[in-house]
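These numbers come from a predicted model, not from an experiment. In the text below, chain A, chain B and the rest are named by the order of the sequence lines, each starting its count at 1.
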Protein chains: 2
Amino acid sequence: MMELTRKGEYAVRGIIHLARQPYGNVALLSDIAEEAEIPQTFLAKIFQNFAKLGFINSYRGTGGGFSLARPASAITLRQVVEAVEGPIAPNRCVTQGGECDRSAACVVHDVWRRVQLQTLEILDGVTIEELARKSK
Amino acid sequence: MMELTRKGEYAVRGIIHLARQPYGNVALLSDIAEEAEIPQTFLAKIFQNFAKLGFINSYRGTGGGFSLARPASAITLRQVVEAVEGPIAPNRCVTQGGECDRSAACVVHDVWRRVQLQTLEILDGVTIEELARKSK
DNA sequence: TGCCTTCAAGACCATTTTTATCCTTTTTAG
DNA sequence: CTAAAAAGGATAAAAATGGTCTTGAAGGCA
Ligand code: SF4
Ligand code: SF4
């Protein structure tokens, strides 16, 4: 239950590997994909999305590639995961605009909200910088 | 991300409604399904599974139905959820025998383990009795 | 003994999500 | 101009989800 998909796992691994590059350095998709052991075309989609969201910059043409658009310390694990997996919620009723007519009276609802809040707290507290720095 | 499936949601709702019956009372599947607003045939599968796991008793024939096999206070939300959704884990690498050759060195792994442990702690601390009693 | 009720078990199925791959286009450096 | 590299869109196999249907088995009752 509640497992990250491959896409989520790849997204995290991918951006960590990108963050390990010397700062400002532009890295090739093919290199990151190989290092992180991610299917290149799949990672391409993920990075395209990250670029749109402003996490990373992309450069086309010869000498192109990807680099972080802001310091790794300013990107949290939560942001990365939510970017690809959507809002973190253990049940429908705890998402923004989550629909269940029972929510008001439901006790289980409160349990899921606690799970959600604790999870968010953990993921908010971890930055890509930390992850990239440790266990290099 | 990490959402309970319908099956999980139905399982929780179903067993709570069963726990609201007078103790020892045998309830009809059709009644529980209607009260909890769950497709009856789907709930049947869930309850069959619960019966196998010893959470509930089932009785066939006229006057048959389902009842809890042990006090609601001895059934935790975690047990119910894991019964239908499998082990609670935010990533493959934190399941029993979860496989990722990186686990040892990986820092993200530790984050997922923390998420898992916090979630388990919450779900272990909630019993079906509490859920059935409150917000009747 | 039959008949009716109720759960058991397994087959079946439509839809959605996951996990990619492929191809064409655009951008850019040199 | 050309080669390199990402962008964007179409396609698709495989798996998971969310059920339904049919048949069978067990139990109560006239
Ligand atoms: S936990 Fe309660 S509020 Fe949330 S979806 Fe289930 S019934 Fe609705
Ligand atoms: S978080 Fe680390 S250990 Fe877990 S699956 Fe990802 S790479 Fe492997």
Side-chain angles (χ1 to χ4, degrees), chain A residues 1-15 18 21 25-34 36-69 81 83-87 89 91-92, chain B residues 1-15 18 21 25-34 36-69 81 84-87 89 91-92 95:
Chain A
M1 178 218 178
M2 304 173 50
E3 265 175 40
L4 209 63
T5 63
R6 300 275 170 171
K7 186 158 80 163
E9 167 71 15
Y10 292 161
V12 174
R13 287 226 301 264
I15 204 165
L18 189 58
Q21 299 290 124
N25 187 32
V26 171
L28 287 178
L29 176 67
S30 52
D31 288 347
I32 300 290
E34 193 181 7
E37 294 178 274
I38 301 169
Q40 183 175 329
T41 56
F42 201 166
L43 184 61
K45 298 298 180 188
I46 294 168
F47 273 12
Q48 278 170 34
N49 189 233
F50 280 170
K52 264 189 221 157
L53 293 170
F55 292 165
I56 68 183
N57 290 321
S58 72
Y59 307 93
R60 306 216 255 197
T62 313
F66 296 91
S67 67
L68 288 188
V81 170
V84 294
E85 302 265 12
N91 203 349
R92 292 167 176 73
Chain B
M1 179 217 176
M2 305 173 48
E3 265 175 39
L4 209 62
T5 63
R6 299 275 170 174
K7 188 159 75 162
E9 167 71 15
Y10 292 161
V12 174
R13 287 224 303 261
I15 204 165
L18 190 57
Q21 300 290 123
N25 188 30
V26 171
L28 285 178
L29 176 67
S30 53
D31 288 346
I32 300 290
E34 193 183 6
E37 293 179 275
I38 301 170
Q40 184 176 329
T41 57
F42 202 167
L43 184 61
K45 297 298 179 188
I46 295 168
F47 272 12
Q48 277 171 34
N49 190 232
F50 280 171
K52 265 189 223 160
L53 293 169
F55 292 166
I56 68 183
N57 290 321
S58 72
Y59 307 93
R60 306 214 253 200
T62 313
F66 296 89
S67 67
L68 289 188
V81 170
V84 293
E85 303 264 12
N91 203 348
R92 289 166 178 75
T95 60

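- Between the CG atom of A:Asn49 and the C1' atom of D:dA6 there is a distance of 15 Å, rounded to whole Å.
- Side-chain proximity of A:Tyr10 to the nucleotides C:dA20, D:dA7, C:dC7 is greatest for C:dA20.
- In this structure, CZ of A:Phe50 is placed 16 Å from C1' of D:dA7, rounded to the nearest angstrom.
- Take A:Glu9 and apply the salt bridge (charged side-chain N to carboxylate O under 4.0 Å, His left out) test, not counting sequence neighbours, and it matches A:Arg13.
- As rounded to whole Å, 16 Å separates atom C1' of C:dA9 from atom CG of B:Leu43.
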Considering only nitrogen or oxygen atoms on both sides, find all protein atoms under 3.5 Å from nucleotides 14-17 of chain D and state each distance.
none

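- Contact detail for A:Gln21 and A:Asn25: the closest heavy-atom pair is NE2-ND2, 3.0 Å.
- Aromatic ring orientation, B:Phe55 versus B:Phe50: tilted (interplanar angle from 30° to 60°).
- Sorted by first then second residue, the side-chain hydrogen bond (donor to acceptor under 3.5 Å, both in side chains) pairs that include residues 36-46 of chain B, not counting sequence neighbours, are A:Arg102-B:Glu37.
- The distance from atom NZ of B:Lys52 to atom C1' of C:dG10 is 10 Å, rounded to the nearest whole Å.
- In this structure, the CG atom of B:Leu29 is 11 Å from the P atom of C:dT6, given to the nearest Å.
- The interatomic distance linking A:Gln40 (CD) with D:dA4 (P) rounds to 14 Å, in whole Å.
- Using a 4.0 Å heavy-atom distance criterion, B:Phe66 is classed as a sugar-phosphate-only contact.
- Ring pair A:Phe47/A:Phe66 is perpendicular by interplanar angle, where above 60° counts as perpendicular and below 30° as parallel.
- Nearest heavy-atom pair, B:Ala27 versus B:Ile32, reported as atom, atom and distance to 0.1 Å: CB-CD1, 3.9 Å.
- Taking atom CZ of residue B:Phe42 and atom C1' of nucleotide C:dC12, one finds them 15 Å apart after rounding to whole Å.
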Can you check each nucleotide of nucleotides 21-30 of chain D against protein heavy atoms at under 4.0 Å and return B for base, S for sugar-phosphate only, - for none, in 5' to 3' order? ---BBBBS--

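- For A:Thr5, the side chain to side chain donor-acceptor pair (under 3.5 Å) partners are A:Glu85, not counting sequence neighbours.
- Atom pair A:Asn57:CG and C:dT28:P shows a separation of 13 Å (rounding to whole Å applied).
- Listed by chain and residue number, nothing satisfies the salt bridge (charged side-chain N to carboxylate O under 4.0 Å, His left out) test with B:Glu34 (two or more places apart in sequence, or in another chain).
- Close to C:dA8, at under 4.0 Å from its OP1 or OP2, lies a side-chain N or O of B:Ser58.
- Here B:Arg60 pairs with nothing under the side chain to side chain contact (heavy atoms under 4.5 Å, CB included) rule; sequence neighbours left out.
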